[in-house]
Amino acid sequence: MGTSPQALVKEEPNKPRKTGTIKTAKLAQRAVMMVIGASMMAVALEIFLVPNQMVDGGITGISIMLSHIFHIPLGILLTLLNLPFLIVGYKQIGKTFALSTLFAVVVMSIGTQMLHPVQPITVEPLLAAVFGGVILGVGVGLVVRYGGSLDGTEIVAILVAKRLPFSVGEVVMFFNLFILTGAGFVFGWNNAMFSLIAYYIAFKMIDVTLEGLDQSKSVWIISDKYRDIGEALTERLGRGVTYLEGEGGFSGDNKKVIFVVITRLEEAKMKAIVEDWDSDAFVAVGNIHDVKGGRFKKKSIH
């Protein structure tokens, strides 16, 4: 018996359910990773930095100093001081980012409140700065990677950067230098310098978390032997290549440009392959934060 048009119409409503399931799964994954990231920051603060009178940058650093001076629970200050910036972010930047940030900040605040009675793992300042910075950086990186933030000053930096000739990073750095200087007056200059060490380590760990240890790189190669080089890259690295049309700025000659994405570990091998075919080839390598789609997969070097 043939299928009637009515039967086909009845099957159509089932399709959106699959999409909705995927969106729900992604939302759940996002929430879980943000909880892990915010919890890691709470651990870094209450188990390593705060007991050793060290601060982080931004609103977190201000909250730590005010908590020390006025004896107000850190978790309460983290929520209250971030709230005005979240309201501004909701109106100026976007609903999703603001709500994600609010969720992460609340989780972090609850975490600091729960961990406050726990004894610090170490009272050695250098160890506290190093391990606190690592845990804090990974935690912040996870939250940022999944669409949120843990500090309201980043929202201010985004808005200020739109109106002034400064990048977001420069505005954040100015705020944090001001806060770390304030820490010197509150906790002493030794602790302020240890705080700077922790901040630097956290900054680097955020990059590692966002980019991954197996960082991807984009490569542009210009050579008359483009076909041989492209085939060698595909055969020996297992990478698909793309041939782009180019024109020499000085000569006006038509050029073929090879574009390929590799991992950091494959960079040396890629350069050796190019060198074997054309020692005068032009090679440009750049960092990529993320790669999706196509046929790009992590493969072993051979």
Side-chain angles (χ1 to χ4, degrees), residues 37-86 101 104-141 143-144 149-157 169-207 209:
S39 299
M40 290 182 69
M41 184 163 181
V43 169
L45 292 176
E46 288 292 350
I47 305 299
F48 291 96
L49 300 183
V50 174
N52 289 283
Q53 296 188 333
M54 298 179 198
V55 303
D56 183 29
I59 297 299
T60 304
I62 296 174
S63 299
I64 292 172
M65 288 187 283
L66 291 179
S67 176
H68 175 77
I69 295 170
F70 297 107
H71 305 289
I72 301 173
L74 178 60
I76 294 175
L77 287 172
L78 286 171
T79 302
L80 292 180
L81 294 183
N82 275 297
L83 200 56
F85 300 104
L86 294 176
T101 300
V105 168
V106 169
V107 172
M108 176 181 64
S109 300
I110 294 172
T112 57
Q113 196 68 24
M114 293 175 63
L115 291 170
H116 186 68
V118 179
Q119 293 298 313
I121 291 177
T122 179
V123 292
E124 173 60 40
L126 184 58
L127 289 176
V130 172
F131 284 93
V134 169
I135 297 171
L136 189 148
V138 174
V140 172
V143 173
V144 172
S149 175
L150 283 168
D151 199 284
T153 52
E154 294 175 6
I155 296 174
V156 176
E170 289 171 339
V171 176
V172 170
M173 182 174 291
F174 173 79
F175 281 141
N176 288 335
L177 286 176
F178 177 77
I179 291 164
L180 289 170
T181 301
F185 292 100
V186 176
F187 295 121
W189 296 107
N190 281 344
N191 287 345
M193 287 186 282
F194 281 120
S195 297
L196 186 59
I197 293 173
Y199 175 77
Y200 177 78
I201 293 172
F203 182 80
K204 290 298 181 182
M205 289 307 300
I206 290 172
D207 285 343
T209 305

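Keep in mind that the numbers below use all heavy atoms, side chains included, and drop hydrogens, waters and symmetry copies.
For the residue pair A44 and G132, the shortest heavy atom distance occurs at CB-O, 3.5 Å. Pairing each heavy atom of S149 with each of V105, the nearest pair is O-CG2, 4.3 Å. Residues A198 and L49 approach most closely at CB-CD2, 4.0 Å, considering heavy atoms. Residues S109 and L78 come closest through the heavy atom pair OG-CB, 3.5 Å. Of all non-hydrogen atoms in A192 and L180, the two that sit nearest each other are CB-O, 3.8 Å. Closest of all the heavy-atom pairs between L150 and A38 is CD2-CB, 4.2 Å.
L66 is not listed as a side-chain neighbour of S63, based on a closest heavy-atom distance of 4.5 Å or more. You'll find the side chain of M41 reaches within 4.5 Å of the side chain of T60, heavy atoms only. Side-chain atoms of V118 and E46, non-hydrogen and from C-beta on, never get closer than 4.5 Å to each other. Within the 4.5 Å cutoff, side-chain heavy atoms of F187 are placed close to those of H68.
Note: L126 CG to M193 CE = 12.5 Å, rounded to the nearest 0.5 Å. Here the OG atom belonging to S195 is positioned 10.5 Å from the CG atom belonging to N190, to the nearest 0.5 angstrom. D151 CG to F175 CZ: the interatomic distance, rounded to the nearest 0.5 Å, is 10.0 Å. Between the OG1 atom in T101 and the CZ atom in F85 there is a gap of 13.0 Å [rounded to 0.5 Å]. Rounding to the nearest 0.5 angstrom, the gap separating the CZ atom in F48 from the OG1 atom in T122 is 8.0 Å. With values rounded to the nearest 0.5 angstrom, I62 atom CD1 is found 4.5 Å from I59 atom CD1.
The number of heavy-atom neighbours closer than 6.0 Å to NE2 of H116, taken from other residues, nucleotides and ligands shown, is 12 or below. The environment of F131 atom CZ is sparse: at most 12 non-hydrogen atoms of other residues, nucleotides or ligands sit within 6.0 angstrom.
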Practice item. Decide yes or no on side-chain contact (heavy atoms from CB on, under 4.5 Å) for L115 and V43, but give the supporting numbers first. Key: CA-CA 7 Å; L115 291 170; V43 169; 3.7 Å; yes
Practice item. Determine, step by step, whether I69 and V186 satisfy the side-chain contact (heavy atoms from CB on, under 4.5 Å) criterion, reporting the C-alpha distance in whole Å, the side-chain angles of both residues, the deciding distance to 0.1 Å, and the verdict. Key: CA-CA 8 Å; I69 295 170; V186 176; 4.3 Å; yes
Review point. Given the rule in the side-chain contact (heavy atoms from CB on, under 4.5 Å) test, do L136 and L45 qualify, once you have shown the distances and angles that lead to the verdict?
Key: CA-CA 8 Å; L136 189 148; L45 292 176; 4.1 Å; yes
Practice item. Quick one: do I179 and M65 satisfy side-chain contact (heavy atoms from CB on, under 4.5 Å)? Show the steps, please. Key: CA-CA 9 Å; I179 291 164; M65 288 187 283; 3.7 Å; yes
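A donor-acceptor pair under 3.5 Å is formed between the side chain of N176 and the backbone N or O of G58. No donor-acceptor pair under 3.5 Å is formed between the side chain of T112 and the backbone N or O of L74. In terms of modelled atom types and a separation under 3.5 Å, the side chain of S67 and the main chain of I72 share a donor-acceptor contact.
Remark: F185 pairs with W189 by the ring-ring contact (aromatic ring centres under 6.0 Å, His included) rule, at least two apart or across chains. When the side-chain hydrogen bond (donor to acceptor under 3.5 Å, both in side chains) test is applied to N191, the partners found at least two apart in sequence or on another chain are Q53. With sequence neighbours left out, the side-chain hydrogen bond (donor to acceptor under 3.5 Å, both in side chains) criterion links S39 to no other residue.
Between the side chains of Y199 and D56, no donor N or O sits under 3.5 Å from an acceptor N or O.
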